[in-house]
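Let me begin by presenting the structure, written as structure tokens, before commenting on it.
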Amino acid sequence: MTLAWILFYLPIAVAAVNQLVLRRNPLVPYLATAAAGACFVTSLLLLGTTETSGFSWATVGGLDIKIALKLDHLSTGMMVVVTGVGLLVHVFSLAYMKKDEAVNRYFCGLGLFMFSMTGIVLSENFIMMFIFWELVGLSSYLLISHWYHKDSAADAGKKAFLCNRLGDFSFMIGVLLLWGISGSLTFEGLKSWADGGGVAAASTGVLGAAILCIFGGAVGKSAQLPLHVWLPDAMEGPTPASALIHAATMVAAGVYMLFRLQLSIGAEAFAGFAGTTIAWIGGLTALLSALMASQQNDIKRILAYSTLSQLGYMIMAVGLLAGEAGMFHLYTHAWFKALLFLGAGSIIYACHHQQNIWKMGGLLRKMPITAASFAAGTAALIAVPYVTSGFWSKEEILTAAYNGNKFLFVIAVAVAFLTAFYMTRAFVVTFLGKPRSDDASHAHEVGPFMWIPLAVLAILAIVSGFGFVSEKLNATRPEHTANTTVLIASIATLVLGVGAGFVLYRGKESDPLSIPLFRDRFYFDGFYDNFLVRYFQDAFAAIIHFFDELLINGLLVGGLSRGAVSVGNLFRKLQGGQLQAYSFAFGLGVILVIYFTVF
């Protein structure tokens, strides 16, 4: 268990040394990368370990809150994903962030994030998970707003922080409800409660409400409707951070947390309105995000909406009581979506930080390694049958939808078509044809610190879904059941989506499609900014300001202070050194003494 505690403390210890001792030392990025490498090796050594260890942190009444690490098949497998992607992002960042003025602060932020994510994955109880849930939100905020001198980056960080706080408040209420029902906050305690008939004895409404409130935390972290609006704006942060946080790890924490809960209290607890609500929110998020992605021109935003869509797939699977399928897709998606984001970073770096795909083009010849790796990631995301990891995990989700809810199956199939379409669009416009700008004309292949992580992730994007790899990495993989209808639907949507993308976009200089509803993101942001913020937040702030100025400052604080000043001024005039004033005061005092004595 010593290795587990080393894995837990190493990222924050190195980040603290880098920030407090070596703050301006050029060795900070390399020390942080070495720590990430040590964490990855430690995670590999912990595979197959099943153990729990911890210490008492606080005691409140009969509640003993512990900081404890839980090692099992689920947590050790997830740690390989977190540390593996984290290591590759660190290596990539050595080149991508080399000239950044705040590169040391950036790597310290990565270390804080790795510590926070490790705490979530290895948590033995909900209290510890909630603590690190908040820390991962903090580290995400710091990395999104890394270039805080840009208003867009600062605003994106605040938006992410506020949206996550809404979800976290729901999460906290759900945890307290679950504690009130079961009397336990540890995952083992919840499992014992469920095995002892606690789920059957609990009120269906209260248990369902607790699950949905906990799901609210996943809605915030995993950016599901209606709190999805923060993730696309989070692309204002450095691209490598997007690959780590907003593709592979933090946004997947909601799925991991829900599956951990499902393992603890049993899938049958999710049956009924709670599971149905979760499944439909996931399905609708997947569909709407895919539609939005089809009309975005910023390469990072295309991938951001794709991430939202794939997270919707995973959430839908949990709601359909097929959490294993959702976790398997989380595992494969982490590798190929991190690859796509780092590939986008490579393109942006080579094109002098140009992010509009319509100002790219012709990069296949200029950046062959990046193009090949991006093609591998695209193939995995669109689920090319039998040769990519994405196919194996997506099939499990489609099968779960087919068996659980035919309407959601239709939505899932539509999302598969849209995914093939918008990713083909992105690849064709970015890599094929002729350069459409000077930035694209002068692009060239990136150096080894950037293309080596791409090559490693490209291999994993292809092979990670096969049993001989996923089993060794402790990936949660459901038992595969062949379904002819699902397979036909997968192949048909792939062919139609890729075909439509090539036909519509090959050789085009501008987008032949213009759908404002999709391009403007279904007007969610406009509704929030122009209605909710203006008429609720701003109006509420105006009311509070009025009461603050009139009642508190005007009458209470200001009134009392002005009264004290007035009384003081009165006595000051009486003590002005004038004989007639003293005589008047003396005479008034004599009269008052006589009056009170007589009457």
Side-chain angles (χ1 to χ4, degrees), residues 96-97 144 146-147 150-153 155-156 229 231-243 246-247 289-309 337 339-367 370-371 373-375 377-378 381 418-419 421-446 450 454 500-502 504-522 525-526:
Y96 190 89
M97 301 294 291
I144 292 171
H146 175 72
W147 293 312
K150 293 169 50 182
D151 289 341
S152 56
D155 291 342
V229 293
L231 184 58
D233 288 1
M235 297 303 104
E236 291 291 336
T239 305
S242 298
H246 308 123
S289 300
L291 291 171
M292 295 181 216
S294 67
Q295 283 284 282
Q296 301 302 310
N297 296 327
D298 185 315
I299 189 170
K300 287 178 68 177
R301 285 184 180 269
I302 294 172
L303 297 178
Y305 281 109
S306 173
T307 301
L308 286 175
S309 186
K337 188 53 67 67
L339 166 62
L340 290 169
F341 265 107
L342 291 184
S346 177
I347 295 165
I348 294 167
Y349 185 87
C351 292
H352 308 287
H353 296 280
Q354 177 59 253
Q355 296 184 200
N356 190 332
I357 60 174
W358 292 104
K359 294 184 179 180
M360 297 176 186
L363 297 181
L364 179 62
R365 295 184 300 275
K366 295 178 176 296
M367 305 178 68
T370 299
S373 60
F374 200 92
T378 300
L381 178 56
L418 290 168
T419 303
F421 172 73
Y422 68 69
M423 286 308 299
T424 302
R425 169 184 180 264
F427 188 87
V428 169
V429 174
T430 302
F431 290 100
L432 304 185
K434 297 179 180 179
R436 302 183 191 87
S437 67
D438 290 338
D439 294 326
S441 298
H442 295 96
H444 56 81
E445 190 58 85
V446 294
M450 297 174 76
L454 295 181
F502 266 105
L504 282 172
Y505 290 98
R506 187 167 189 180
K508 297 295 190 298
E509 295 297 319
S510 61
D511 199 330
L513 295 179
S514 180
I515 308 175
L517 181 63
F518 300 166
R519 185 176 58 251
D520 295 332
R521 304 179 277 185
F522 287 89
D525 293 84

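The analysis underlying the following values was restricted to heavy atoms, covering all of them including side chains, and did not include hydrogens, waters or symmetry mates.
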> Backbone N or O of S152 within a donor-acceptor pair of the E236 side chain at under 3.5 Å?
Replying inline: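 Checked: no pair found.
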> Is the side chain of E445 donor-acceptor paired with the backbone N or O of T370 at a distance under 3.5 Å, no angle test?
Replying inline: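 Looks like yes, one N/O pair under 3.5 Å.
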In Å and rounded to the nearest 0.5 Å, what is the [atom1] to [atom2] distance from [X] to [Y]?
X	Y	atom1	atom2	result
D298	I348	CG	CD1	7.0 Å
D438	C351	CG	SG	11.0 Å
Q355	M235	CD	CE	10.0 Å
N356	T430	CG	OG1	9.5 Å
R365	K434	CZ	NZ	9.0 Å
I515	Q295	CD1	CD	4.5 Å

> Hey, does L303 have a side-chain heavy atom less than 4.5 Å from the side chain of M423?
Replying inline: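 The answer is yes; the side chains approach within 4.5 Å.
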Which atom pair, heavy atoms only, marks the closest approach of [X] to [Y]?
X	Y	result
S294	F518	OG-CD1, 4.0 Å
P435	K366	CG-CE, 4.1 Å
R425	N297	NH2-OD1, 3.0 Å
G345	Y96	O-CE1, 3.2 Å
D525	D233	OD2-OD2, 4.3 Å
K300	F341	O-CE2, 4.0 Å

> Should R519 and D511 count as an ion pair when the cut-off is N to O under 4.0 Å?
Replying inline: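 Looking at R519 and D511, the cut-off is not met.
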> Side chains of Y422 and S306: is there a donor and an acceptor less than 3.5 Å apart?
Replying inline: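 Yes, side-chain donor-acceptor contact under 3.5 Å.
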> Going through the distances and angles, do Q296 and R521 end up as a side-chain contact (heavy atoms from CB on, under 4.5 Å)?
Replying inline: CA-CA 9 Å; Q296 301 302 310; R521 304 179 277 185; 4.1 Å; yes
> What class does the angle between the rings of H353 and Y349 fall in, given that below 30° is parallel, 30 to 60° is tilted and above 60° is perpendicular?
Replying inline: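 H353 and Y349: perpendicular rings.
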> Is the F374 ring parallel, tilted or perpendicular to the F431 ring (thresholds 30°, 60°)?
Replying inline: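 The arrangement is tilted - the two ring planes meet at 30° to 60°.
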> How far apart are the C-alpha atoms of Y505 and F421, what are their side-chain angles, what is the distance that settles it, and do they pass the side-chain contact (heavy atoms from CB on, under 4.5 Å) test?
Replying inline: CA-CA 10 Å; Y505 290 98; F421 172 73; 3.6 Å; yes
>> Would you say that more than 12 heavy atoms from the other residues, nucleotides or ligands in this model lie under 6.0 Å from the NZ of K508, or not?
In response: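 Atom NZ in K508 is packed in, count exceeds 12.
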